[in-house]
Amino acid sequence: MTDAPTGYDTANIEAKWQKAWDEAELFRAERSDAPKYYVLEMFPYPSGRIHIGHVRNYTMGDVIARYKMASGFNVLHPMGWDAFGMPAENAAMASGGHPKEWTYNNIDVMRGQMKPLGLSIDWSREFATCDPEYYGQQQALFLDMLDKGLVYRKPAIVNWDPVDMTVLANEQVIDGKGWRSGAEVERKELTQWAFAISSMAEDLLDSLGDLKDWPEKVRLMQENWIGKSRGLQMTFALSQPAHGHDGIEIYTTRPDTLRGASFIALAPEHPLAKALASENADLAAFNADVRKGGTTEEALEKAEKRGFDTGLTVENPLGGTLPIWVANFVLMDYGTGAIFGCPAHDQRDLDFARKYDLSVTDTFVALNDGTPVAGTAFVPPKTEKVLWIDQPAGVEEATGQEAIDATIDWAEARGLGTGKTQYRLRDWGLSRQRYWGCPIPVVHCDACGVVPEKKENLPVELPDDVTFDVPGNPLDRHPTWRDVNCPSCGKPARRETDTMDTFVDSSWYYARFTAPHAQTPTNMDDATYWMNVDQYIGGVEHAILHLLYSRFFARAMNETGHLPASAREPFNALFTQGMVTHAIFQTRDDKGRAVYHLPEDVDLDTRTVKATGETIEIIPSAKMSKSKKNVVDPQDIIASYGADTARWFVLSDSPPERDVEWTASGAEATHKHLRRVHRLATDVARADRPANAADADLAKATARAIQEVTDGIEGFAFNKSVAKLYEFTNTLHKSDAGAEARRGAIKVLAQLMSPMTPHLAEEIWSMMGGEGFVLSAPWPVADPALLVDDSVTLPIQINGKKRSEIVVPKDMPKAEIEALVLQDEAVQRILEGGQPKKLIVVPGRIVNVVV
RNA sequence: GCGGGCGUGAUGGAAUGGUAGACAUACCAGACUUAAAAUCUGUUGGGCGUAUGCCCGUGUGGGUUCGACUCCCACCGCCCGCACCA
């Protein structure tokens with residue numbers, strides 16, 4: 001925006017400084033003797049255009065990067081593209097283009113949108129995961145992991161669309177039906193490649209304790225996801241052997257409820273269930289029926305609990321027999337694929353028992369004999385003491401955990417079973433039956449089996465001549481690519497046509513940034529110097545999968561010699577930022593359906609649609625979505641207000657970890673403020689007032705501003721830093737201090753603003769005759785002497801409510817404060833000559849009088 | 001269904017056991033102006049009151065504490081994740 005009267009011409013100012021930074025190669029990262037600092041924001045998927053949420057994410061990283069540069073660190077701040085994935089194939093299917101073309105075009109557009117933001121990124125390190133140079137090294141990594149036994153093949157269950165004859169992603173399954181065909185999806189077993197992440201479960205769990213600078217909630221989520229539990233594995237003898245089985249091995253985390261067992265339940269995929277189904281058409285039909293629907297845990301959990309009575313029984317070591325059912329809620333993946341059900345103390349088992357009329361036996365009751373709620377299983381926390389009924393291990397009054405431990409000991413002593421530690425974490429299936437991903441570098445040979453591709457033949461490149469006119473993986477029907485000779489025996493063989501999960505691409509990109517063009521996955525010297533990522537920033541939606549996979553990969557890369565041991569835990573500090581939201585403006589059509597309107601088409605004062613005068617409904621703080629017409633395009637903001645306004649706005653108001661709502665009025669107000677700062681600097685540059693008594697006050701305010709803004713940045717509370725900068729600007733504006741003092745203060749203001757609004761900061765810095773770039777000037781340090789006040793204001797509370805306050809010297813003894821408080825007018829009025837019940841003095845903070 | 005998080009004026013938020021509402025937006029009033037915009041100054045949680053002041057108030061209900069937005073328990077609402085969306 002050209003702004004002639006004040007001279008705050010963002011287009012010129014921002015272009016000028018971006019050019020100057022480029023020419024000085026300020027952001028190019030080279031190894032040096034200086035302490036390093038690696039800032040990384042989760043790299044974007046090249047979906048087409050950047051949105052304001054990206055701006056917020058990268059601005060946060062930029063604030064840290066620039067602050068660390070000014071604090072003397074050698075900063076690495078790279079950027080790349082998470083470029084493989086389904087949307088590119090979907091676009092190709094929809095409009096006939098090629099995923100490669102679509103992806104690289106998007107990258108060009110998005111890079112073009114990002115550069116005007118003035119981010120301190122070392123663009124020389126940029127790469128996309130779909131560059132053969134990158135995925136070739138990923139294939140090398142895969143082969144090394146194969147060598148170490150960290151990758152193997154195993155059966156895995158996928159969503160199968162029986163009409164399109166293709167595997168579907170979870171998001172392509174809508175209400176249990178295929179998104180294109182509408183056919184009911186089935187769960188189908190395929191042989192797939194898997195990473196042995198569960199072999200590192202214990203390490204991944206243990207090390208969470210060392211991640212001090214990770215949000216507690218993320219560590220908790222990962223802990224629960226890994227799901228370590230100690231339980232009992234035991235075998236129930238079959239009353240009559242069947243299909244070569246003479247017992248059912250079960251796993252339970254609640255062996256203490258054995259007395260209340262009323263049935264055994266098998267997963268439909270359990271070997272015995274499958275064997276029985278082979279000669280029982282009804283069971284086969286049941287198994288086929290419960291296989292319908294998607295594979296997500298959510299779908300399985302929400303599905304109606306159903307069972308099939310096999311008619312078989314097992315012997316209960318506590319006496320009697322238990323019927324064996326096949327049940328859809330038992331997972332073959334977890335434990336042994338068989339459980340015993342205890343309806344009295346598990347809601348799911350109770351629902352099942354009610355439905356099929358199975359017995360319900362209490363194992364324990366509450367100590368305070370609280371009335372049990374009808375139809376509800378009694379499931380107290382494992383730490384709560386309860387009263388046990390005929391507990392086989394002999395406990396009477398004990399917690400669930402004590403009873404579990406006792407029962408495991410009891411079972412082990414009698415040879416009934418063994419205590420076993422189990423993890424919920426499953427191995428990571430990485431095969432995808434799709435084109436636009438990193439090819440898995442192996443060949444299937446009839447004679448030699450699975451043969452790894454030779455490293456000198458890497459990268460195994462994706463062929464360009466593919467079409468997407470029929471469902472399924474084009475690699476599968478591409479004979480010249482697919483049909484190769486065996487690397488081992490040379491006979492005709494078949495290339496693996498599955499590609500890798502895109503989570504693989506993003507599990508090691510942080511390491512690749514340390515040497516993006518090395519001929520091996522990493523370069524040890526570079527990796528050792530730059531790793532770990534000192535500050536990682538991204539959305540909380542990645543709290544579990546991406547972060548856990550990355551932690552696994554760092555360990556695997558260490559074990560295959562691609563990362564030092566010090567980088568096994570790759571992210572020192574993690575910050576999860578919130579979204580940028582925007583109001584939705586909607587009206588209803590005559591059928592009551594929502595009709596959405598663009599912000600520029602509505603009049604907010606009258607709350608109407610400009611063209612038609614209809615009254616709008618405003619839904620605040622909604623996630624941005626093209627279809628709801630509430631997406632804010634950063635390019636528009638930069639064009640009208642400049643990058644600094646966009647950057648300042650996304651940092652202000654909301655704490656970084658929370659969502660922030662974009663409002664047009666907020667952006668306008670931010671711009672006004674920056675214009676005010678620019679004008680203030682222009683005025684101060686010309687002023688010639690002599691030094692005077694106000695100089696000292698300004699010096700104090702400056703010291704406080706340095707302290708508080710720095711604390712805000714260090715504590716990732718950019719909104720507070722912004723608030724303090726507003727305050728300091730207002731103080732500076734009103735200050736009567738002399739010209740020299742004001743020029744000094746405004747130079748500090750420029751420095752403090754430089755991480756957030758770097759262009760304006762450089763402009764002011766140069767206006768004030770600052771040397772070099774403001775970015776290169778050492779970060780200001782507050783003079784401690786200016787930060788302390790000689791006296792403090794103590795609020796006086798009476799019964800916890802503030803009634804008065806006194807000003808006392810900073811280190812006045814307690815007794816003297818007490819005496820002063822008792823003389824206080826408000827206190828005397830309440831006391832009416834009497835004595836307080838209690839007088840609490842918290843030095844330097846508060847006084848509370850209890851009457 | 002399971003795991004995790006969040007909830008404070010008209011609005012975004014500050015205060016993380018010690019003055020609830022910093023800072024900003026919006027609104028209102030004033031200055032400047034022929035006028036408007038821009039700019040500057042000031043007021044603003046609700047209620048009662050001329051006023052010193054008093055009462056109420058941080059999703060709801062209970063609890064711990066001299067003192068609770070903050071800690072504990074239960075509930076309500078919204079958001080994130082649930083292993084093939086990235």
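Here is how names work: the chains are called A, B, and so on, in the same order as the sequence lines, proteins then strands, and each is numbered from 1.
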d(CH2, A:W214; P, B:G4) in whole Å: 17 Å
Phosphate-side-chain proximity, A:R432 and B:C84, N/O vs OP1/OP2 below 4.0 Å: yes
Sugar-phosphate only, base, or nothing, as touched by A:K672 at under 4.0 Å among non-hydrogen atoms: sugar-phosphate
Nearest-angstrom distance, C1' atom, B:A29 to B:C23: 22 Å
Distance test, side-chain N/O of A:K801 to OP1/OP2 of B:C55, below 4.0 Å: no
Proximity of A:W81 and A:Y509 rings by center, below 6.0 Å: no
Test side-chain contact (heavy atoms from CB on, under 4.5 Å) applied to A:L168 and A:V158, A:I174, A:T295, A:V173, the passing residue: A:V173
Touch class at under 4.0 angstrom, heavy-atom based, for A:G666 against every strand present: nothing
For B:G49, the Watson-Crick or wobble partner whose two distances fall under 3.5 Å: none
Per A:A669 side chain, nearest of listed nucleotides B:U25, B:G1, B:C84: B:U25
Touch class at under 4.0 angstrom, heavy-atom based, for A:K720 against every strand present: sugar-phosphate
Side-chain-base donor-acceptor pair under 3.5 Å for A:N170 and B:C84: no
Plane angle bin for A:F84 and A:W436 - parallel if under 30°, tilted between 30 and 60°, otherwise perpendicular: perpendicular
Side chain A:E298 and base B:C82 donor-acceptor under 3.5 Å: yes
Glycosidic class, syn or anti, of B:G5 using a 90° window around 0: anti
Base of B:C84 paired with side chain of A:Q192 (donor-acceptor, under 3.5 Å): yes
Counterpart base for B:A74, defined by Watson-Crick or G-U wobble contacts under 3.5 Å: B:U60
Under 4.0 angstrom between A:R658 side-chain N/O and B:G7 OP1 or OP2: yes
Pairwise P distance for B:A15 and B:C69, with rounding to whole Å: 15 Å
Under 3.5 Å side-chain donor-acceptor pair for A:S198 and A:D427: yes
A:F552 and A:W428 aromatic ring geometry - parallel, tilted or perpendicular at 30°/60° bounds: perpendicular
Sugar-phosphate only, base, or nothing, as touched by A:L425 at under 4.0 Å among non-hydrogen atoms: base
Contact under 4.0 Å: A:S654 side-chain N or O vs B:G13 OP1/OP2: yes
Nearest-angstrom distance, C1' atom, B:A24 to B:U44: 14 Å
Separation of the C1' atoms in B:U50 and B:G45, to the nearest angstrom: 23 Å
Out of B:A14, B:G18, B:C84, whichever nucleotide has its closest atom nearest the side chain of A:I846: B:G18
Heavy-atom donor-acceptor pair, A:Q433 side-chain to B:C84 base, under 3.5 Å: yes
Under 4.0 angstrom between A:N224 side-chain N/O and B:G4 OP1 or OP2: yes
base_contact_polar (B:G12 base, A:D653 side chain, donor-acceptor, <3.5 Å): yes
